[in-house]
Amino acid sequence: MKFAIVSKGDDRSNKIKATIKQYLTDFDLTYEEKHPDLVISVGGDGTFLEAFHRYRHCLENTAFIGVHTGHLGFYADWTPDEVEKLIIEIAKTPYQIVEYPLLEVIIRSKSGGTEDRFLALNEATIKTADGSVVFDVEIKGEHFETFRGDGVCVSTPSGSTAYNKALGGGIIHPSLEAIQLTEMASINNRVFRTIGSPLILPKHHTCLLKPLVDRSFLIAIDHFTKSYTNVKSIQCRVAKERVRFARFRPFPFWNRVRDSFVTEED
Ligand code: NAD
């Protein structure tokens with residue numbers, strides 16, 4: 001089996017990376033950065049997101065696992081103390097794979113018909129540094145509302161516990177193939193009206209955001225943000241690709257939610 005390790009880059013994470021690499025190589029596993037079967041992220045959830053995007057080209061054959069070197073992460077859920085146990089589990093392979101849905105985002109420009117396609121593990125957010133965003137929201141080809149406000153967040157079920165949660169969105173179990181649209185400070189008065197509630201769209205229900213006012217948009221896909229002008233539309237739907245998590249022990253989603261948000265730290 002081929003494995004790669006993505007470290008956050010600080011001393012602690014680099015040391016843990018070196019230990020894992022050494023032990024797994026001693027167990028005759030091959031360190032291979034291009035097309036690994038297993039990617040081990042060492043750091044935090046941000047490192048895990050980075051690892052996911054680095055190996056976006058081989059999602060079909062690559063599984064991910066996260067070790068945290070700071071606070072307990074949502075994706076990075078193995079502690080540094082458990083690393084030896086994890087190494088033995090990995091060396092013993094085969095392991096269980098759990099697949100969860102991703103978000104596909106296609107940004108089309110007005111001029112030249114160019115388009116950018118992204119996959120998000122957590123979410124896409126669309127904001128502007130330039131006043132309010134104003135766009136028509138279409139769902140499944142039908143006009144739903146005209147949104148005016150700070151922006152919107154479109155998240156995956158795995159990302160429903162991230163930015164989406166801070167916006168008052170619901171937590172969705174990742175076995176459900178869905179995306180969730182949450183508003184950021186929508187303007188609601190006698191002139192402008194939006195639904196005001198998070199919307200959960202099933203697979204094949206595409207959401208299209210069509211800007212009505214020319215703005216420079218700040219579009220964030222997980223941890224990276226890009227500025228866009230001349231945007232014709234932003235299309236969001238459940239992606240055909242999926243993310244694969246390597247599971248070496250049961251860690252049910254709701255336990256993860258409880259341990260991250262409800263249980264108090266000692
Ligand atoms: P960061 O380091 O600021 O991370 C923000 C926090 O989000 C961290 O505590 C991380 O553990 C947590 N997080 C990430 N994914 C999560 C998930 N799926 N469920 C629960 N918690 C999760 O920023 P970063 O490391 O660059 O991570 C980018 C992510 O930060 C974005 O994908 C977005 O979800 C999140 N974010 C949250 C807010 C907010 O809650 N107000 C604002 C901006 C970004």
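For the single chain, residues carry numbers from 1 onward in sequence order. This is a predicted model, so every value here is computed, not measured. Each ligand, and each atom within it, is numbered from 1 in the order the structure gives.
Using a 4.0 Å threshold on non-hydrogen atoms, atom 30 (O) of ligand 1 does not count as touching the protein. There is a protein heavy atom less than 4.0 angstrom from atom 25 (O) of ligand 1. Closer than 4.0 Å to atom 19 (N) of ligand 1 lies at least one heavy atom of the protein. Within the 4.0 angstrom cut-off, atom 5 (C) of ligand 1 has no protein heavy-atom neighbours. In this structure, atom 13 (N) of ligand 1 has a protein heavy-atom contact shorter than 4.0 Å. Within a 4.0 Å radius of atom 41 (N) of ligand 1, the protein has at least one heavy atom. Of the protein's heavy atoms, none falls inside 4.0 Å of atom 8 (C) of ligand 1.
Phe245 places none of its side-chain heavy atoms less than 4.5 Å from the side chain of Ile65. Side-chain atoms of Thr47 and Val42, non-hydrogen and from C-beta on, never get closer than 4.5 Å to each other.
No part of His71 comes within 4.0 Å of ligand 1, judged by heavy-atom distances. Of the heavy atoms in Leu167, none comes closer than 4.0 Å to ligand 1. Using a 4.0 Å cut-off between heavy atoms, Ser260 makes no contact with ligand 1 at all. Residue-level proximity to ligand 1 for Ala162 is carried by backbone and side chain together, each with a heavy atom below 4.0 angstrom. Both the backbone and the side chain of Thr161 come within 4.0 Å of ligand 1, judged by heavy-atom distances.
Short contacts between ligand 1 and Ala166, defined as distances under 4.0 Å to a heavy atom of the residue, involve ligand atoms 39 (C), 40 (O), 41 (N). Residue contact check: Asp222 has heavy atoms under 4.0 Å from atoms 31 (C), 32 (O) of ligand 1. For ligand 1, the atoms closer than 4.0 angstrom to any heavy atom of Gly46 are 25 (O).
Regarding atom 28 (C) of ligand 1, its nearest protein heavy-atom neighbour is Leu49 CD1, 3.7 Å. From the protein, the heavy atom lying nearest to atom 33 (C) of ligand 1 is Glu123 OE1, 3.3 Å. Among protein heavy atoms, the minimum distance from atom 15 (N) of ligand 1 is reached at Asn122 ND2, 2.9 Å.
By the 3.5 Å distance cut-off applied to N or O atoms, Asp45 is counted among the residues near ligand 1.
The backbone N or O of Ile97 sits nowhere less than 3.5 Å from a side-chain atom of Arg247 that would complete a donor-acceptor pair. No side-chain donor-acceptor contact under 3.5 Å links Gln235 to the backbone of Thr206. Asn230 contributes no side-chain N or O that, together with a main-chain N or O of Lys110, makes up a donor-acceptor pair within less than 3.5 Å.
For an aromatic pair to be called close, the ring centres must be under 6.0 Å apart, and Phe224 with His53 satisfies this.
Glu99 is linked by a salt bridge (Lys or Arg N to Asp or Glu O under 4.0 Å) to Arg242, Arg244, counting only residues two or more places apart in sequence or in another chain.
Contact annotation: Ser158 has at least one heavy atom less than 4.0 Å from an atom of ligand 1.
Look at Arg108 and Asp116 and you find no salt bridge, because none of the NZ, NE, NH1 or NH2 atoms lies under 4.0 Å from a carboxylate O. Ion pairing between a basic and an acidic side chain is recognised when a charged N comes within 4.0 Å of a carboxylate O; Arg54 and Glu33 show no such pairing.
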Practice prompt. Could you give me the CA-CA distance, side-chain angles and deciding distance for Arg258 and Glu264, then say whether salt bridge (Lys or Arg N to Asp or Glu O under 4.0 Å) is met?
Written response: CA-CA 10 Å; Arg258 181 197 61 205; Glu264 283 182 37; over 6 Å; no
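With no hydrogens or angles considered, no side-chain donor-acceptor pair links Ser216 and Asp130 at under 3.5 Å.
For Lys127 and Phe217, the positive end is not near the middle of the six-membered ring at less than 6.0 Å and at most 45° from its axis. Tyr31 carries Lys21 over the face of its six-membered ring, with the cationic atom under 6.0 Å from the centre and within 45° of the normal.
The closest heavy-atom contact to atom 39 (C) of ligand 1, among the options Phe48, Phe261, Tyr163, comes from Tyr163.
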